[in-house]
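First the structure, in the form of structure tokens, and then the observations on it.
These numbers come from a predicted model, not from an experiment. Naming convention: chains lettered A, B, ... in sequence-line order (proteins, then strands); numbering from 1 in each chain.
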Number of protein chains: 2
Amino acid sequence: MKEGPDIARVAALIGDPARANILTALMSGKALTATELAQEAGVTLQTASSHLARLDQGGLLRPRKQGRHKYFSLASDEVAHVLEALMGLAAGSGHLRTRTGPKDLALRRARVCYNHLAGEMGIQLYQSLMARGFIAQYSDTLELQPSGAAFVRAFGIDIDTLSAARAPLCRDCLDWSARQSHLAGSLGRAFLSRFEQLGWARRDGKTRIIRFSAAGDQAFATTFDVPDPGSELPHE
Amino acid sequence: MKEGPDIARVAALIGDPARANILTALMSGKALTATELAQEAGVTLQTASSHLARLDQGGLLRPRKQGRHKYFSLASDEVAHVLEALMGLAAGSGHLRTRTGPKDLALRRARVCYNHLAGEMGIQLYQSLMARGFIAQYSDTLELQPSGAAFVRAFGIDIDTLSAARAPLCRDCLDWSARQSHLAGSLGRAFLSRFEQLGWARRDGKTRIIRFSAAGDQAFATTFDVPDPGSELPHE
DNA sequence: TTCATAGTTCGATGGTGGCCGAAGCATTGC
DNA sequence: GCAATGCTTCGGCCACCATCGAACTATGAA
């Protein structure tokens, strides 16, 4: 009679227009805030908050609190797979609404975010450290590996002083232009000040733009090279 | 805001418990009458009739009138695929409706999924064909290779009749219990009926369980051997 | 500190839809 | 013709839930 998992529960979650809009918007793979998702769904923030709580409880979303923002993304590839299959059934082509972030190109490239480097270059820094195994993610926290500590020391950052501080050494911070993770925490701050110290970059006085010199840009590119992730097998 | 594939409409159709029960019952591949489905869903005939009309209008069912009976079956493999995917999600979020029992074990071992073989044995069939190069995945579609066609013919399946049909020959279907692909499509159906024809297996009348005889199980194991499971990367 | 913004919670309202009893067709059998 | 069976439609009842205004909390900025 009643065999297998409760598909009605999950389907009912997706079955509301507002929630379906939210999930569809998240199919882009980018993390979006509650306010943005409310706009996407065409409902007020209160209503969206309720929907987001339900979707979260249903295991379809993965929320990340960041300051006073709360970013949501799909919980897994499996969720995206179900949504795509449903779109196929609905016999239409998924039309994705893309929302552009900051207009300023320089802001997208490199800017300061709570005293650490954000933007494309921040993401590159993060991904470079991650791809080389210098930092690793355990469940919910980011940890600096021994090899990473050596690298950081060699780069001229006094890691021991940082470790003594109360604030977490590593944190990942969601970028608001590209919506990908970059390095935050005291280590992130240390990297930025080291860049300034080395003369690679300087902060713009009035805006949040970080301007790299030509030499600094070059040095950054070689130091934080991101190895080609071509060997990774695309799942599905 | 209402543009694009209306996944909410489809999901809402599946999202009702009674309708979900109806669809789940039809996953067996057998066509069932309105009265039988009403029993299956645990509602009165009037209510079921309303549900069936909505499911039909939503394109999820294919009704066939026969005398004073009305038989329903799933509209397509795609519907079955969506349902299986939803089961995977629901099972993953740890919301199983049934406690694991002996019947559940048999279901995980071998069951029917819209007329093709699912469960561990279905996965084995799929992986065996895949590992030996009989079928291959191109971008989004599954294709039967020439060597595979020869194998299928030797196994006693009339491949040419199948190819003539408009429905896709091969399709992969995500298993909700093991979360791996198994073979669907008309070829998947042909394999299952061939198994029955050979006396290897027979379907349970009331459930979705497929019962293999001892000899059939043996023959299946040797015919669809999966070469060298050792070198495969431990996936998660 | 005070103000502004992001998000949550609460309460009230209204609409949608699931449900079933009863009546209405339709097909088969006598 | 009449009766029986399978299914559909109609009408009303009722529960659920999506929605939003307003109040509240939390974090960041001046």
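Here the side chain of B:Thr44 is nearest to one of C:dG18, C:dC20, C:dA6, namely C:dC20. Closest contact between the side chain of B:Arg54 and the listed nucleotides C:dT8, C:dG18, C:dC19 involves C:dG18. Minimum atom distance to the side chain of A:Arg19 is reached by D:dA18, of the listed D:dA18, D:dT9, C:dC19.
In this structure, B:Leu37 places its CG atom 9 Å from P of D:dC7, rounding to the nearest Å. One can place NZ of A:Lys70 at 13 Å from P of D:dA26, the figure rounded to the nearest angstrom. Protein atom CG of B:Asp56 is 14 Å distant from nucleotide atom P of D:dC7, rounded to whole Å. Atom NE2 in A:His69 sits roughly 17 Å away from atom P in D:dA26 (whole-Å rounding). Distance B:Asn21 CG to C:dG18 C1': 14 Å, rounded to the nearest Å. Regarding A:Leu45, its CG atom lies at a distance of 13 Å from the C1' atom of D:dC24, rounded to whole Å. Here the P atom of nucleotide C:dT5 and the CD atom of A:Glu36 are 16 Å apart, to the nearest Å. Per the geometry, CD belonging to B:Gln57 stands 13 Å off P belonging to D:dT8, to the nearest Å.
A search for side-chain contact (heavy atoms from CB on, under 4.5 Å) contacts involving A:Asp56 returns A:Pro63, not counting sequence neighbours.
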Pull out every protein N or O sitting under 3.5 Å from an N or O of nucleotides 22-25 of chain C, one pair per line with the distance.
none

Anything under 3.5 Å between a protein N or O and an N or O of nucleotides 11-15 of chain D, put it in a table, one pair a line.
none

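Between the side chains of A:Gln46 and A:Thr44, at least one donor-acceptor pair of N or O atoms lies under 3.5 Å. Defined by atom type and a distance below 3.5 Å, a donor-acceptor pair is missing between the side-chain atoms of B:Arg54 and B:Ser50.
Within 4.0 Å of B:Ser50, counting heavy atoms only, lies no atom of the nucleic acid at all. Residue B:Ala53 is out of contact with every strand shown, counting any heavy-atom pair closer than 4.0 Å.
At least one side-chain heavy atom of B:Leu83 sits under 4.5 Å from a side-chain heavy atom of B:Leu74. For the pair A:Leu183 and A:Tyr126, the minimum side-chain heavy-atom distance is below 4.5 Å.
To the nearest 0.5 Å, the span separating CG on B:Leu61 from CG on B:Leu23 amounts to 6.0 Å. B:Ser73 contributes atom OG, which lies 5.0 Å from atom CZ of B:Arg64 (distance to the nearest 0.5 angstrom).
Here A:His51 reaches the OP1 or OP2 of D:dT19: one of its side-chain N or O atoms lies under 4.0 Å away. When the side-chain nitrogen and oxygen atoms of A:Thr47 are compared with OP1 and OP2 of D:dC20, one or more of them lie within a distance under 4.0 Å.
Scanning both residues, A:Ala201 and A:Ile210, for their nearest heavy atoms gives CB-CG2, 3.8 Å. In terms of heavy-atom proximity, A:Val152 sits nearest to A:Phe191 at CG2-CZ, 4.1 Å.
Between A:Lys65 and A:Pro17, it is A:Pro17 whose nearest contact on DNA chain D lies nearer the 5' terminus.
In this structure, A:Phe224 has its ring center under 6.0 Å from that of A:Phe155.
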